[in-house]
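Reading through the structure tokens given below for one structure.
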Amino acid sequence: MALSEYAGQSPRKNEEATVVRVVPHRLWRPGRTRTEPCANCGDEMVLSEEHLLVVVDEGGKRTRRYFREESCVREWLGEG
């Protein structure tokens with residue numbers, strides 16, 4: 001599935017939220033390493049390595065969620 005096709009969907013545990021976009025992402029900051037857990041599986045990720053960024057609208061507020069890979073996004077949305 002193309003990443004753009006996830007826009008407009010809601011996570012299975014939060015139907016008030018809507019996916020705005022899903023994009024490949026890499027956060028690069030010289031001299032600094034930032035880690036975040038995958039929003040689905042909880043695996044710790046180094047954000048300077050490739051992962052997926054999902055922007056979610058929750059009641060007019062946009063938040064960022066980080067995912068290890070597309071299968072994690074599908075599972076989070078209830079498709080996997």
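All values below come from the heavy atoms of this structure, side chains included, with hydrogens, waters and symmetry mates left out. Keep in mind the model is a prediction, meaning the values are calculated, not measured. Numbers for residues simply follow the sequence, beginning at 1.
How far CG of N40 is from CZ of R12: 6.0 Å, rounded to the nearest 0.5 Å.
In this structure, the side chain of R64 does not engage the main chain of L53 through any donor-acceptor pair within 3.5 Å. In terms of modelled atom types and a separation under 3.5 Å, the side chain of R26 and the main chain of S48 share a donor-acceptor contact. In this structure, the side chain of S10 engages the main chain of A17 through a donor-acceptor pair within 3.5 Å.
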Practice problem: Quick one: do W76 and V54 satisfy side chain to side chain contact (heavy atoms under 4.5 Å, CB included)? Show the steps, please. | Solution: CA-CA 11 Å; W76 180 70; V54 176; 4.1 Å; yes
query = For E44 and T35, what are the C-alpha separation, side-chain angles and deciding distance, and is it a side chain to side chain donor-acceptor pair (under 3.5 Å)?
reply = CA-CA 6 Å; E44 200 70 20; T35 61; 2.9 Å; yes
Step-by-step side chain to side chain contact (heavy atoms under 4.5 Å, CB included) determination, L52 to E69: CA-CA 6 Å; L52 293 174; E69 57 191 29; 5.5 Å; no
Report task. Show your reasoning for whether side chain to side chain donor-acceptor pair (under 3.5 Å) applies to Y6 and E79. Result -> CA-CA 11 Å; Y6 292 110; E79 297 180 2; 4.7 Å; no
Check the pair H51 / E36 against side chain to side chain contact (heavy atoms under 4.5 Å, CB included), numbers first and verdict last.
CA-CA 11 Å; H51 58 278; E36 290 282 336; over 6 Å; no
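Contact check for L27 versus R34: side-chain heavy atoms found under the 4.5 Å cut-off. Residues F67 and R74 form no side-chain contact, since every pair of their non-hydrogen atoms from C-beta on lies 4.5 Å or further apart. Two residues are said to be in side-chain contact when any heavy atoms from C-beta on lie closer than 4.5 Å; R68 and C41 meet this criterion. At a threshold of 4.5 Å between non-hydrogen side-chain atoms, the residues E58 and N14 count as touching.
No continuous path of hydrophobic side-chain contacts links W28 to M45 [ILVMFWY only; heavy atoms under 4.5 Å]. The cluster map of Ile, Leu, Val, Met, Phe, Trp and Tyr, joined by side-chain heavy atoms under 4.5 Å apart, puts V23 and L3 in different clusters. In the hydrophobic cluster analysis, where Ile, Leu, Val, Met, Phe, Trp and Tyr join through side-chain heavy atoms closer than 4.5 angstrom, V22 is grouped together with L77.
Shown here for V20 and V56, the closest heavy-atom pair between the two residues is CG2-C, 4.3 Å.
Aromatic ring orientation, H25 versus Y66: tilted (interplanar angle from 30° to 60°).
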